[in-house]
*Asks:* 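Supplied in structure tokens, the structure appears directly below.
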Number of protein chains: 2
Amino acid sequence: MGTTTAERPSGFDAFSALCPSRRLLDTIGDKWVSLAIVAIGLRGPLRYSELASQIEGVSQKMLTQSLRRMERDGLLARTVTPSVPMRTDYELTPLGQTLLPVIGHLKAWAEEHMPEVDAARTAYDSRV
Amino acid sequence: MGTTTAERPSGFDAFSALCPSRRLLDTIGDKWVSLAIVAIGLRGPLRYSELASQIEGVSQKMLTQSLRRMERDGLLARTVTPSVPMRTDYELTPLGQTLLPVIGHLKAWAEEHMPEVDAARTAYDSRV
DNA sequence: CGGGATCCCCCGCGATACTG
DNA sequence: CAGTATCGCGGGGGATCCCG
């Protein structure tokens with residue numbers, strides 16, 4: 001409020017400590033959330049176990065927790081098929097789909113610029 | 001390596017647990033890193049104190065830590081002017097500038113879609 | 001298969017104090 | 001002004017067990 005940021009037509013500003021958009025920014029920037037969005041977005045609806053194997057190294061707890069939060073935030077839809085054994089599918093909602101390209105670029109940036117970042121680190125570490 | 005992800009010309013894949021790009025993804029998705037990138041990118045070179053006031057609620061420790069990591073990763077350049085009192089300016093490197101639009105969209109998405117997310121949360125919480 | 005519930009440990013992070 | 005160093009705790013997150 002006090003500090004004038006450029007324009008923010010939405011009325012939300014992540015620079016503000018108490019603005020809810022800051023929390024949201026933190027959520028969508030999360031590692032597991034990002035990978036889940038991209039995985040589901042690229043591969044269509046995915047089952048829980050497919051997500052777990054796709055996102056290597058994610059613990060059961062973190063995966064479930066992330067999926068729940070994303071469902072609550074309206075980013076993805078959960079469909080349970082009560083067969084035996086049961087089956088659960090996750091897919092992006094229209095809202096989640098608008099986030100896909102954004103996060104897709106983030107992940108792509110990390111993969112594309114890894115060599116440059118590595119070089120920068122080596123240079124930085126060799127100094128002093 | 002085992003699981004085939006689409007294509008990855010770079011050879012890096014954040015879905016892989018040990019791939020360094022996963023750590024990088026985690027870094028650039030960080031709240032403080034994101035806000036710092038956007039702040040510097042939008043306002044030109046900024047001094048330490050300007051960043052601190054711009055990014056409300058960030059602690060000295062986290063701000064310094066984030067800036068150091070970003071400098072090491074080649075995302076921003078640090079210029080120290082040894083006057084009295086001293087002065088330090090941070091600006092984006094060319095590499096950091098390529099990241100700016102990506103993170104800018106992330107922050108913008110959070111601010112623009114906050115109402116929809118809020119509505120989704122209310123709907124979710126009212127069920128059960 | 002797709003989770004929920006618990007335990008527990010580690011360290012991220014804030015608060016505080018000091019320095020060039 | 002722009003940091004560094006240290007302490008202390010809260011909770012994020014892994015491991016484990018169990019259930020529908």
Side-chain angles (χ1 to χ4, degrees), chain A residues 3 16-18 22-36 39-40 43 45-73 76-91 124-125 127-128, chain B residues 17-18 22-36 39-40 43 45-73 76-91 124-125 127-128:
Chain A
T3 47
S16 299
L18 291 78
R22 173 174 291 185
R23 285 191 143 192
L24 184 56
L25 175 63
D26 208 22
T27 294
I28 63 180
D30 176 76
K31 185 175 39 178
W32 304 129
V33 169
S34 297
L35 292 175
I40 300 175
R43 300 300 215 357
L46 288 182
R47 303 183 56 171
Y48 182 88
S49 55
E50 293 174 324
L51 275 168
S53 65
Q54 188 77 195
I55 306 171
E56 295 180 17
V58 67
S59 70
Q60 194 180 57
K61 179 178 178 179
M62 289 313 296
L63 181 56
T64 301
Q65 189 176 101
S66 300
L67 292 172
R68 283 292 173 282
R69 183 158 21 131
M70 295 164 74
E71 187 194 0
R72 186 174 110 100
D73 286 354
L76 49 80
R78 181 163 162 264
T79 310
V80 179
T81 307
S83 52
V84 177
M86 74 181 294
R87 173 195 180 95
T88 310
D89 288 274
Y90 292 91
E91 60 184 331
Y124 183 92
D125 293 344
R127 312 197 75 208
V128 175
Chain B
L18 290 78
R22 174 175 288 186
R23 283 191 145 191
L24 184 56
L25 176 63
D26 207 22
T27 295
I28 64 180
D30 176 75
K31 186 175 40 179
W32 304 129
V33 169
S34 297
L35 292 174
I40 300 174
R43 300 302 217 354
L46 288 182
R47 303 183 55 172
Y48 181 88
S49 55
E50 292 173 324
L51 275 168
S53 63
Q54 188 75 195
I55 305 172
E56 295 180 19
V58 68
S59 69
Q60 198 178 51
K61 179 177 178 179
M62 289 314 294
L63 180 57
T64 300
Q65 190 176 101
S66 301
L67 291 172
R68 285 290 175 282
R69 182 157 25 130
M70 295 165 75
E71 187 194 0
R72 187 173 110 97
D73 287 355
L76 48 80
R78 180 161 162 266
T79 310
V80 178
T81 307
S83 54
V84 177
M86 75 180 296
R87 173 195 180 94
T88 309
D89 288 275
Y90 292 90
E91 61 184 330
Y124 183 93
D125 293 343
R127 311 200 76 211
V128 175

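Note on naming: letters A, B, ... go to the chains in the order of the sequence lines (proteins, then strands), and numbering restarts at 1 for each one. Values reported hereafter were calculated over all heavy atoms of this structure, with side chains retained and with hydrogens, waters and symmetry mates removed.
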*Asks:* With respect to the phosphate group of C:dC1, does any side-chain polar atom (N or O) of A:S83 fall under 4.0 Å of OP1 or OP2?
*Replies:* no
*Asks:* Under the criterion side-chain contact (heavy atoms from CB on, under 4.5 Å), which of B:I40, B:L46, B:D89 is the partner of B:L76?
*Replies:* B:I40
*Asks:* Quick check: do A:L67 and A:R78 have side-chain heavy atoms less than 4.5 Å from each other?
*Replies:* no
*Asks:* With a cut-off of less than 4.0 Å, is there a side-chain N or O of A:R47 near OP1 or OP2 of C:dG2?
*Replies:* yes
*Asks:* Can you measure A:D89 atom CG to C:dG2 atom P for me and round it to whole angstrom units?
*Replies:* 8 Å
*Asks:* Measure CZ/B:R87 against C1'/D:dG3 and give the value in whole Å, please.
*Replies:* 16 Å
*Asks:* Let me know the distance between CE of A:M70 and P of C:dG3, rounded to the nearest Å.
*Replies:* 13 Å
*Asks:* Using whole Å, what does the distance between atom P of nucleotide C:dG12 and atom CZ of B:R23 come to?
*Replies:* 10 Å
*Asks:* The side chain of B:Y90 is closest to which nucleotide in this list: D:dG3, C:dG14, C:dG2?
*Replies:* D:dG3
*Asks:* Heavy atoms only: give me the nearest B:P45-B:E50 pair and the separation to one decimal.
*Replies:* O-OE1, 4.4 Å
*Asks:* Hey, are the side chains of B:I55 and A:R22 touching, using non-hydrogen atoms and a 4.5 Å cut-off?
*Replies:* yes
*Asks:* Once you round it to whole Å, what is the distance between C1' of D:dT4 and OH of B:Y48?
*Replies:* 10 Å
*Asks:* Hey, which sits more toward the 5' end of DNA chain D by its nearest nucleotide, A:K61 or B:L67?
*Replies:* B:L67
*Asks:* For the residue pair A:M86 and A:T88, establish whether any side-chain heavy-atom pair is separated by less than 4.5 Å.
*Replies:* yes
*Asks:* Taking for each residue the nucleotide of DNA chain C with the nearest heavy atom, is it A:S49 or B:M62 whose nucleotide lies nearer the 5' end?
*Replies:* A:S49
*Asks:* Between B:T64 and A:Q65, which is nearer to the 5' end of DNA chain D once each is assigned its nearest nucleotide?
*Replies:* B:T64
*Asks:* Distance check needed: D:dG12 C1' versus A:K31 NZ, whole Å only.
*Replies:* 11 Å
*Asks:* Under 4.0 Å between a side-chain N/O of B:R68 and OP1 or OP2 of D:dT4, yes or no?
*Replies:* yes
*Asks:* Taking atom C1' of D:dC1 as reference, at what distance in whole Å does atom CG of B:L63 sit?
*Replies:* 13 Å
*Asks:* Could you give the CD-to-C1' distance, from B:Q60 to D:dT4, as a whole number of Å?
*Replies:* 9 Å
*Asks:* From C:dG3, D:dC1, C:dG14, pick the nucleotide closest to the side chain of B:M86?
*Replies:* D:dC1
